Amino acid sequence: MREELSRSHPAEGVLIFRDQPTIVFVTICSRKRRSHLANDSVHNALVESWHAAMAWPVGFCLIMPDHVHLFCAPNNEDHKIEEWVSYWKRRLRRQVRTSEALFQAHSFHHRLRRDESYSEKWDYVRMNPVRAGLIADPDRWPHQGVLNELPWWI
C-alpha cells in the first residue's frame with residue numbers, strides 16, 4: 001500500500017510555457033492572521049512594492065485585513081515566483097518601517113489553466129469583502145485595483 005503524501009508547504013515554482021500566456025493566482029496570509037493589511041498605508045506600500053518588483057507584474061489585486069489576493073504574470077523565466085514574493089515582502093517591510101514579518105513565510109500560488117477564466121476568478125476574489133461582511137458593494141472596497149493588464153486568451 002502506498003503512503004499518502006502530504007505537503008506542509010505549497011509546491012514551489014510555476015510551470016511556464018513559452019508559447020502561451022502564464023497567469024498565476026497568489027494568496028498570501030498575514031503573519032498569525034493578524035488583521036492589519038487593509039489600510040491605506042499598507043495598500044499604498046504594496047502597490048509601490050509591486051511596481052518596483054516588475055519581474056512578475058501584478059494585474060488585479062485585492063487586500064483583505066488578513067490576506068492578499070493577486071494575479072501576476074512573469075516577464076521572463078529569470079526570477080522564480082518565490083524570489084519575487086520575498087523581494088516585495090522585504091521592500092514592503094522597509095516601507096512601513098518594521099522589522100516584524102507582515103506575512104506568513106509561504107504563499108499559495110496557482111497557475112491558471114487554459115480552461116480557467118481570469119475574469120471569473122477575479123469576480124470571485126472581488127466578492128471577498130462582501131462575503132466577509134465588510135462592505136455591501138464590492139466596487140466600493142478601497143483596497144483593490146488593477147496595476148497592469150495581463151496577457152490572456154480571448
Side-chain angles (χ1 to χ4, degrees), residues 5-17 21-75 77 79-93 95-96 98 100-135 137-153:
L5 298 175
S6 65
R7 286 190 183 146
S8 59
H9 301 294
E12 289 189 16
V14 171
L15 187 57
I16 298 171
F17 298 103
T22 299
I23 293 184
V24 179
F25 172 49
V26 179
T27 300
I28 304 176
C29 296
S30 64
R31 187 163 189 264
K32 298 181 182 179
R33 294 304 294 251
R34 287 185 43 219
S35 296
H36 61 103
L37 300 176
N39 63 64
D40 289 342
S41 175
V42 171
H43 182 167
N44 293 337
L46 273 170
V47 168
E48 188 175 317
S49 294
W50 290 328
H51 279 304
M54 287 303 292
W56 286 77
V58 172
F60 292 124
C61 60
L62 182 129
I63 304 164
M64 292 290 288
D66 65 348
H67 66 281
V68 173
H69 292 295
L70 62 94
F71 295 85
C72 58
N75 266 335
E77 298 172 32
H79 301 281
K80 293 181 181 177
I81 194 164
E82 293 83 9
E83 294 169 352
W84 173 75
V85 170
S86 292
Y87 172 81
W88 64 254
K89 286 193 311 188
R90 276 192 312 271
R91 185 177 173 87
L92 173 69
R93 224 175 32 241
Q95 288 179 282
V96 297
T98 184
E100 179 186 353
L102 299 173
F103 293 97
Q104 293 178 356
H106 299 280
S107 63
F108 168 81
H109 58 270
H110 167 76
R111 182 182 181 277
L112 297 185
R113 309 293 193 267
R114 186 176 282 273
D115 61 343
E116 293 178 290
S117 168
Y118 178 29
S119 62
E120 285 176 14
K121 291 266 190 224
W122 173 244
D123 285 340
Y124 177 80
V125 167
R126 66 188 282 276
M127 292 302 291
N128 271 3
V130 175
R131 285 190 298 273
L134 300 172
I135 202 160
D137 178 0
D139 292 331
R140 298 193 56 123
W141 184 246
H143 307 295
Q144 65 178 322
V146 179
L147 278 64
N148 298 282
E149 291 297 322
L150 300 181
W152 198 242
W153 297 279

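All heavy atoms count here, side chains included; hydrogens, waters and symmetry mates do not. Fair warning: this is a prediction, and the values are worked out from it, not measured in the lab.
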Quick one: does any side-chain atom of W84 pair with a main-chain N or O of A53 as donor and acceptor, under 3.5 Å?
yes
Pair L46, V58 - check side chain to side chain contact (heavy atoms under 4.5 Å, CB included), show working.
CA-CA 11 Å; L46 273 170; V58 172; over 6 Å; no
Between CG of L112 and CD of E120, what distance do you get to the nearest 0.5 Å?
11.0 Å
Output yes when a side-chain donor or acceptor of E48 lies under 3.5 Å from a complementary backbone atom of R91, and no otherwise.
no
Ring centroid separation for Y87 and W56, is it under 6.0 angstrom?
no
For the residue pair L134 and P65, establish whether any side-chain heavy-atom pair is separated by less than 4.5 Å.
yes
Any heavy-atom pair between the side chains of S107 and V68 that's under 4.5 Å?
no
Can you sort out the partners of H69 under ring pair (Phe, Tyr, Trp, His ring centres under 6.0 Å), two or more places apart, ordered by chain and number?
F25, H67
Do the non-hydrogen side-chain atoms of N128 and R131 ever get within less than 4.5 Å of each other?
yes
In Å and rounded to the nearest 0.5 Å, what is the OG1 to CZ distance from T22 to R111?
4.5 Å
Any side-chain heavy atom of I28 within less than 4.5 Å of one from W88?
yes
Heavy-atom side-chain proximity of L70 to L147 below 4.5 angstrom:
no
With side chains defined as the heavy atoms from C-beta onward, is the minimum distance between S49 and Q95 less than 4.5 Å?
yes
By side-chain contact (heavy atoms from CB on, under 4.5 Å), H36 pairs with (sequence neighbours left out) S30, R34, L102
If you take all heavy atoms of N39 and S41, which pair is closest and at what distance?
OD1-N, 3.1 Å
Contact between H143 and D40 at the side-chain level, heavy atoms closer than 4.5 Å - yes or no?
yes
Rounded distance (nearest 0.5 Å) linking atom CD1 of I135 with atom CE of M127
11.0 Å
Output yes when a side-chain donor or acceptor of K89 lies under 3.5 Å from a complementary backbone atom of Q104, and no otherwise.
yes
Side-chain contact, heavy-atom cut-off 4.5 Å: F60 with L150?
no
To the nearest 0.5 Å, what is the distance between SG (C29) and CE (M64)?
11.0 Å
For N75, side-chain contact (heavy atoms from CB on, under 4.5 Å) partners two or more places apart
M54, P57
Is it true that the NZ or CZ of R93 lies under 6.0 Å from the centre of F103's six-membered ring and within 45 degrees of the ring axis?
no
Pairwise distance CH2(W122) to SG(C61) - rounded to 0.5 angstrom
6.0 Å
